[in-house]
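This report refers to the structure that appears directly beneath it.
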There are 2 protein chains.
Amino acid sequence: METNVVDLAQLRRGCAQCSLQQLCLPAGIGQQDLQQLDDIVRRRRPVATGERLFRPGDALTSVYVARDGAFKTVSTSEDGGEQVVGFHLPGELIGLDALGHGRHRCEAVALTTANVCEVPFEQLATVAAQVPSLQQQLLRVIGQSVGRDQDHLGMLVRRQANERIALFLHGLGERLRNIGESGSRYRLPMSREDIARYLGLALETVSRGFTRLQEDGVIAVTGRRIEILQPDELARLAHGGEPAPPVQRRARS
Amino acid sequence: METNVVDLAQLRRGCAQCSLQQLCLPAGIGQQDLQQLDDIVRRRRPVATGERLFRPGDALTSVYVARDGAFKTVSTSEDGGEQVVGFHLPGELIGLDALGHGRHRCEAVALTTANVCEVPFEQLATVAAQVPSLQQQLLRVIGQSVGRDQDHLGMLVRRQANERIALFLHGLGERLRNIGESGSRYRLPMSREDIARYLGLALETVSRGFTRLQEDGVIAVTGRRIEILQPDELARLAHGGEPAPPVQRRARS
DNA sequence: CGCGTCCTTGAGCGTATTCAATCGATGTGG
DNA sequence: CCACATCGATTGAATACGCTCAAGGACGCG
């Protein structure tokens with residue numbers, strides 16, 4: 001547990017001191033130019049679980065990046081169904097859904113207490129126009145976000161439940177590893193229901209999938225604690241491999 | 001049928017004369033600045049059905065916009081499954097999938113013979129940095145593309161087959177209407193299989209869905225010709241409404 | 001300790017898939 | 001000009017997968 005004092009010290013640190021520097025907007029930007037970006041970034045005190053950064057219909061004022069913690073973006077369709085559009089780990093831009101019409105389509109909800117950097121969008125665009133390397137990096141970060149959306153799409157289409165779940169756990173591990181955390185032993189920031197709404201499944205199906213993976217010795221689950229015991233087997237399942245039957249396996253050609 | 005002579009004349013026309021001007025990158029850009037954009041746009045002779053603009057792994061050199069015709073972007077997963085990531089109508093940017101890593105993840109295939117504008121990406125970024133309104137518009141267009149991807153996602157998650165199909169036909173009509181074509185009477189540029197891979201269904205299910213909609217008097221289908229007979233009913237079905245009972249249909253105003 | 005929330009497990013059902021055959025349009029060659 | 005091949009679309013029948021409904025269990029918080 002960190003004390004509040006330490007957190008406040010963290011708050012004062014700029015991009016130059018941030019451990020996510022190379023994964024976030026500042027990546028590949030020189031010292032000089034970085035200062036310009038740093039000047040417009042607002043660092044806010046921690047947001048609590050369940051707090052929202054924005055709601056559907058809100059005007060696009062800022063984009064956000066978590067320094068730690070996790071967020072989900074949720075889109076509510078007119079018939080009341082909630083769809084989890086994405087999960088956002090530290091370093092991943094939040095709020096791009098409003099780029100199209102200038103208003104947010106989703107709401108962004110904190111899954112844990114989290115520290116976020118707020119980047120006023122107008123100013124970001126202005127600075128990006130002046131700093132070519134920032135413009136480039138902004139486009140790259142947007143592109144990565146598009147890439148994650150496509151990965152998400154790939155999870156949903158014509159894949160069966162267990163495959164989606166394996167893909168999800170595998171992909172989450174990858175992303176965690178990217179930001180320097182363990183990809184094989186982590187705590188899920190989201191509920192089973194969130195996962196279900198992200199994967200397009202019933203929450204019971206997600207639960208059963210976890211149980212099945214555990215029975216097969218691929219992972220160990222206790223509540224939200226995940227340990228990946230057989231990473232290669234998980235990867236195999238994620239890419240359409242047959243689940244290994246308990247005793248004998250039947251051939252499918 | 002247009003003659004080649006007419007087509008060549010069309011090719012020479014710049015953005016200022018293009019009917020898509022207000023829907024495409026030039027939207028909201030002044031005469032002066034438009035010329036700068038126009039100078040870097042390459043207009044190519046028509047591409048034939050089945051031709052590719054780029055393939056997975058290709059470096060990002062240009063982004064593309066169709067002036068007419070239609071494209072699909074397809075992502076092939078390692079297990080060989082093909083997923084249709086998106087359909088692209090005139091005025092919609094193609095090639096943004098490479099923004100993240102600088103290499104394309106998908107291939108872009110022409111569904112019809114089509115005329116495309118090619119915009120070298122480096123130069124586009126350079127001009128965008130000089131022309132604020134273009135930078136703004138570029139971000140907006142990217143955002144709209146993200147928005148379409150989210151709509152796509154919304155079609156796939158927790159919606160049943162008939163709902164997805166209604167949503168698809170409805171949405172396609174909207175997009176066609178946007179570019180000045182009829183949204184209630186059109187020819188599908190893509191096969192049933194493409195639609196199936198886009199909607200995450202088996203192609204037989206798509207076929208059955210069309211048949212069902214026709215039986216219910218909502219649409220008329222002959223091959224790829226679609227006529228929407230009851231637009232409001234289609235919209236109702238698209239948003240989770242119950243299919244109408246077999247015998248009588250109720251009027252909805 | 002008790003309550004609420006989150007997660008797990010079970011049973012039956014419904015929807016979409018798979019496998020397979022047919023049909024229709026289009027195009028090619030005899 | 002028509003037989004034949006080919007491709008796309010439609011239709012049918014049986015299966016399987018995931019959903020719904022329902023109950024029970026575990027964990028965390030006051």
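All values reported here derive from a predicted model rather than from experimental measurement. Throughout, protein chains are lettered first and strands after them, A, B, ... in sequence-line order, and every chain is numbered starting at 1.
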Taking NZ, NE, NH1 and NH2 as the nitrogens, is one of them in [X] or [Y] under 4.0 Å from a carboxylate oxygen of the other?
| X | Y | value |
| --- | --- | --- |
| A:R105 | A:D97 | no |
| B:E92 | B:R175 | yes |
| A:R197 | A:E193 | yes |
| B:D232 | B:R236 | no |

Value in whole Å for how far the [atom2] atom of [N] lies from [atom1] of [X]:
| X | N | atom1 | atom2 | result |
| --- | --- | --- | --- | --- |
| B:L201 | D:dC17 | CG | P | 18 Å |
| A:R159 | D:dC17 | CZ | C1' | 17 Å |
| A:R208 | D:dG18 | CZ | C1' | 8 Å |
| A:E215 | C:dT8 | CD | P | 12 Å |
| B:E163 | D:dC19 | CD | P | 14 Å |
| B:R225 | C:dA25 | CZ | C1' | 16 Å |
| A:Q160 | D:dT15 | CD | P | 18 Å |
| B:N162 | C:dT15 | CG | P | 10 Å |

d(A:L213 CG, A:L234 CG) to nearest 0.5 Å is 6.5 Å
List for me each residue that meets ring-ring contact (aromatic ring centres under 6.0 Å, His included) alongside A:H152, sequence neighbours excluded, and say none if there are none.
A:Y198
Could you tell me whether the phosphate oxygens of C:dT15, OP1 or OP2, come under 4.0 Å of any side-chain nitrogen or oxygen in B:T205?
no
Respond yes when some side-chain nitrogen or oxygen of B:R158 is under 4.0 Å from OP1 or OP2 of D:dG18, and no when none is.
no
Locate the shortest heavy-atom distance separating A:A196 from A:A202; write the atom from each residue and the value.
CB-C, 3.8 Å
Pair up each side-chain donor or acceptor in residues 153-161 of chain A with any protein partner under 3.5 Å, not counting sequence neighbours, and list the distances.
{"residue": "A:R159", "atom": "NE", "partner": "A:E163", "partner atom": "OE2", "Å": "3.1"}
{"residue": "A:R159", "atom": "NH1", "partner": "A:G154", "partner atom": "O", "Å": "3.2"}
{"residue": "A:R159", "atom": "NH2", "partner": "B:D79", "partner atom": "OD1", "Å": "3.4"}

Would you mind classifying the nucleic acid contact of A:G200 as base, sugar-phosphate or nothing, using non-hydrogen atoms under 4.0 angstrom?
sugar-phosphate
Go along nucleotides 22-30 of chain D 5' to 3' and tag each nucleotide: B for a protein heavy atom under 4.0 Å from its base, S when only backbone or sugar atoms are that close, - otherwise.
B--------
Nucleotide-level pairing of DNA chain C, given in dot-bracket where Watson-Crick and G-U pairs need both distances under 3.5 Å and | marks other strands
|||||..|||||||||||||||||||||||
Contact list (N/O, under 3.5 angstrom) for nucleotides 5-7 of chain C vs protein:
{"residue": "C:dC7", "atom": "OP1", "partner": "A:R224", "partner atom": "NE", "Å": "3.1"}
{"residue": "C:dC7", "atom": "OP2", "partner": "A:R192", "partner atom": "N", "Å": "3.0"}

Partner set under side chain to side chain donor-acceptor pair (under 3.5 Å) for B:T211, not counting sequence neighbours:
none
